[in-house]
Amino acid sequence: MAYDYKQIEKKWQEIWERKGTFYTKNDTTLPKWYGLVEFPYPSAHGLHVGHPRSYTALDVIARKKRREGYNVLYPIGFDAFGLPTENYAIKNKIHPKIVTEQNIENFTKQLKSFGFSFDWSRCVDTTDPNYYKWTQWIFIQLFKHGLAYKTTMPINFCTGCKVGLANEEVVSGECERCGSEVVQKEKSQWMLKITEYAERLINDLDEVDYLEKIKLGQKNWIGRSEGAEVKFEIKGSSEEHLQVYTTRPDTLFGATYMVVAPEHSLIETLKDNITNYNELVEYRSQAARKSDFERTEIAKEKTGVEIKGIKAINPLTNEEMSVWISDYVLITYGTGAIMAVPAHDERDFEFAKKFGLPIKQVILPPNEQNETGDVLGPLEEPYVDVHNGIMVNSDFLNGLVPNVAIKAATDFLEEKGLGYKKVNYKLRDWIFSRQRYWGEPIPIVHCDKCGYVHLPEESLPLVLPEIEDFEPGENGESPLAKLDSWINTTCPTCSGPAKRETDTMPQWAGSSWYFLRYVDPDNDKELASKEALEYWTAIDWYNGGMEHTTLHLLYSRFWHKFLYDIGVVPTKEPYSKRTAHGMILGSNSEKMSKSKGNVVNPDDIINDYGADTLRLYEMFIGPFDQATPWSMDSTKGCFKFLDRVWNLQEFLIDGNTYSEELEVSMHKTIKKVSSDIEEMKFNTAIASLMSLTNEFYRLKRVNKAELQTLLQLLNPFSPHIAEEMYEIVGYDKTIAETPWPVYDESKTIDSMIEIPVQINGRVKGTVTVALDSDEATLKTVIHEELKELLSGQNIVKEIYVKNKIYNIVIK
RNA sequence: GCGGAUGUGGCGGAAUUGGCAGACGCGCUAGACUUAGGAUCUAGUACUUCGGUGUGGAGGUUCAAGUCCUCUCAUCCGCACCA
């Protein structure tokens, strides 16, 4: 009988659904295991082959954990608010809600066709008011605790469409759709104070098991640095001064000019003193057209304008310094102003060269030091090493190494009241407003009397109003701003007239806590019950893409920590373990994209080869954490393997124990597959299953006990075929109800082994000896074996690494 | 620019972490078989002048290096309003 994957997969998916095989048990006495994958954004394109890489991986692990006796929670849901759906809706004149419904329906059908062991009864959808009610509730808690505030932040504004744009929609300074110029436009926006959690977000990484590169990525993103904030007086102005953050207070004597961001408030406050105000404003509007990324590009030529009419005073030398504006200084980092030390900073150096500003060397590199230590030629390039060199031209710092000078300089500044020690972070607060329709409404009203007031919690959810016209408003406003009936409301505090917030939340909101909802998805009293949270959190294993390292993963950790602080969740960290999968590329090794025509549709693979083949290939394709190109031929190879397994039925003989020739192989394979799954080395786990199958073919027979084990090990990867064959072989239980196979360590070792023999590091032969043979025995055997090669040679040394290798050194 | 990765046959990759480089799969070659199929089975397959040579390149440490050290080249990914 041929391998009829279509019939087999349909049959088992129906059985699993009917019996509720993978529904999570409500038994909290069992040990639990909570595996999580990133829930998909239900786009109109459907799933791509990247999704099942992560989903299959944790499905494999979940299926193994269940059979090891764990109560497993392996849920799925939909992250359904977001920009692409809204844009699609506008373009095709369909309500985003309808689009979302259709997409979710399609995604569900697709996901079910893979045979994933999700507990579908716990499916969540971030656009469901019963779900976003709690997203809004969390926002209110943040607001009540002073972690949500409003401030003016720039948005990308398309001068053509008159709407706000996402960064992704801006292509080299132009609107992706209409090609008009995009400028930065100031807007009042809701912000979340993630920076308040910066220190804990770094420190608590010590308590979790994340891939090292993920921890590193988060630490670098948060960008903690220790330095000093220094106050620079402005000549002729007693109230205004410049506040500067520097990690290198040791170089303060070398600061020869200052640079502030074009957006710096100083330009407005000292407008009357400034003689070239118009020139500065012009430069600022130029800078507004560039992204931060473009502005800080070191390769580009530095630009800038001197602020004429004002001077700053170096607090240590009391010298006058010119003040400039330049776009390489960002208003969002530090204080938006820097002291420039051109001799010891690359960008400052370049800037100084271009504008002919003084360069004063204050650190002498070690190789240039002479007896006097004061011979300073013109610098070819800036010298930036903090660990080597010696301070010069720096008064009381002279003779110190920079590292020591940093502390000395900071202490001095603190003593004299000129500055103070400060920890700074690159991490910025989270811009939480979107001028969009398809997001959670922000449950805040503005009352002229009471200011910003949150809605009463019992009034939630604040349902997104059904509107006809969800096109963006004029001047970058949210579509909701056009809806007077929505905007005008009463203040919950004073009952006076008030206006609703018209911006919505970013997509990140719903995904920052969805894993909590899975544990108790239908609760309408709390976001989840205490008992359920107590039992299920923290998540035991979370797998997802590397691209989420710095945003989703940090945002959700931040929210979780906040919820911990207010007593809602019992753990400090949401995820005990985090791993990441590599991207699946097109067969030409480029990122899959419609325009390149290299997209592989999983539906086609399932249709042509079946879900079992797709799952197997996704796990076999290459090392799990690395990017790998898709290959249609290799997909076929996986199908061929399953077909070979299917045809083992022809060789099947009776036998309740492993046969003698296969015993070691059986135990070795169980060991290898078990440990490889835990380490996510799926590709080699499958390779060992293939090898075992090849052995069965070589012997032209397999007994029931051996086939049973093979099917049990194959089951997590290709569950349908494994279950079907298990049933055919005649077991009354399904594999899903069967414990994971065990191995005997003593039976994984061969009694005779082959030892390679090297002469001067080159393999010249091998000898087969009993395991753990002693060196003397081995030496006799080897010298007999390699008699000819060794005769007349001067043997200098012989090295034996037990059970590994034997090396003879001759001269 | 900042940050994170990766370089091994024709291709995807493996290598017990310093111990026989190329497991497993694809592709290719030859043979067998046949209800001529998307077949299947068996054997072979890094290069080679058969001495050797080979893990992006150049040095080094070691009895022994894909693995450790120094320098260097190339490619890919992320960068805060895509998710």
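So that the names make sense, note that chain A is the first sequence line, chain B the second, and so on, each numbered from 1.
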Distance in angstrom units between [X] [atom1] and [N] [atom2], rounded:
X      : N     : atom1 : atom2 : result
A:Y800 : B:C63 : OH    : P     : 20 Å
A:L165 : B:C81 : CG    : C1'   : 9 Å
A:L553 : B:G4  : CG    : P     : 17 Å
A:E547 : B:G3  : CD    : P     : 21 Å

Sugar-phosphate only, base, or nothing, as touched by A:P40 at under 4.0 Å among non-hydrogen atoms: nothing
Bracket notation of RNA chain B in which parentheses pair within the strand, [ ] cross earlier pairs, and | pairs with another strand (Watson-Crick or G-U, under 3.5 Å): (((((((..(((......[....)))((((((.......))))))((....))..(((((..]....))))))))))))....
Can you check whether [X] and [Y] have ring centres sitting under 6.0 Å from each other?
X      : Y      : answer
A:F515 : A:Y542 : no
A:F651 : A:F696 : no
A:F432 : A:F139 : yes

May I ask you to verify if any side-chain N or O of [X] is less than 4.0 angstrom from the OP1 or OP2 atom of [N]?
X      : N     : result
A:K215 : B:G4  : no
A:R698 : B:C41 : no
A:R428 : B:A80 : no
A:K213 : B:A5  : no
A:K764 : B:G52 : yes
A:K668 : B:A23 : no
A:N220 : B:G4  : yes

Residue [X], side-chain atoms from C-beta onward, closest of [options]:
X      : options             : value
A:Q435 : B:G19, B:C81, B:A83 : B:C81
A:I805 : B:A83, B:G19, B:G12 : B:G19
A:L216 : B:U42, B:G4, B:C81  : B:G4
A:T628 : B:A80, B:C82, B:G13 : B:G13
A:M690 : B:U42, B:G4, B:C24  : B:C24
A:W221 : B:C20, B:G78, B:C79 : B:C79
A:N694 : B:G12, B:G25, B:G27 : B:G25
A:M546 : B:G4, B:C81, B:G27  : B:G4

Distance-only side-chain donor-acceptor flag, A:Y245 / A:S225, under 3.5 Å: yes
A:S478 and A:D503 side chains, donor-acceptor separation under 3.5 Å: no
B:G9, syn or anti by chi within 90 degrees of zero: syn
Anti/syn call for B:U6, syn if |chi| within 90°: anti
Presence of donor-acceptor pair under 3.5 Å, side chain of A:N807 and base of B:C63: yes
Residues A:E38 and A:R578 bridged, charged N to O under 4.0 Å: yes
NZ/NE/NH1/NH2 to OD/OE distance under 4.0 Å, A:R434 and A:E86: no
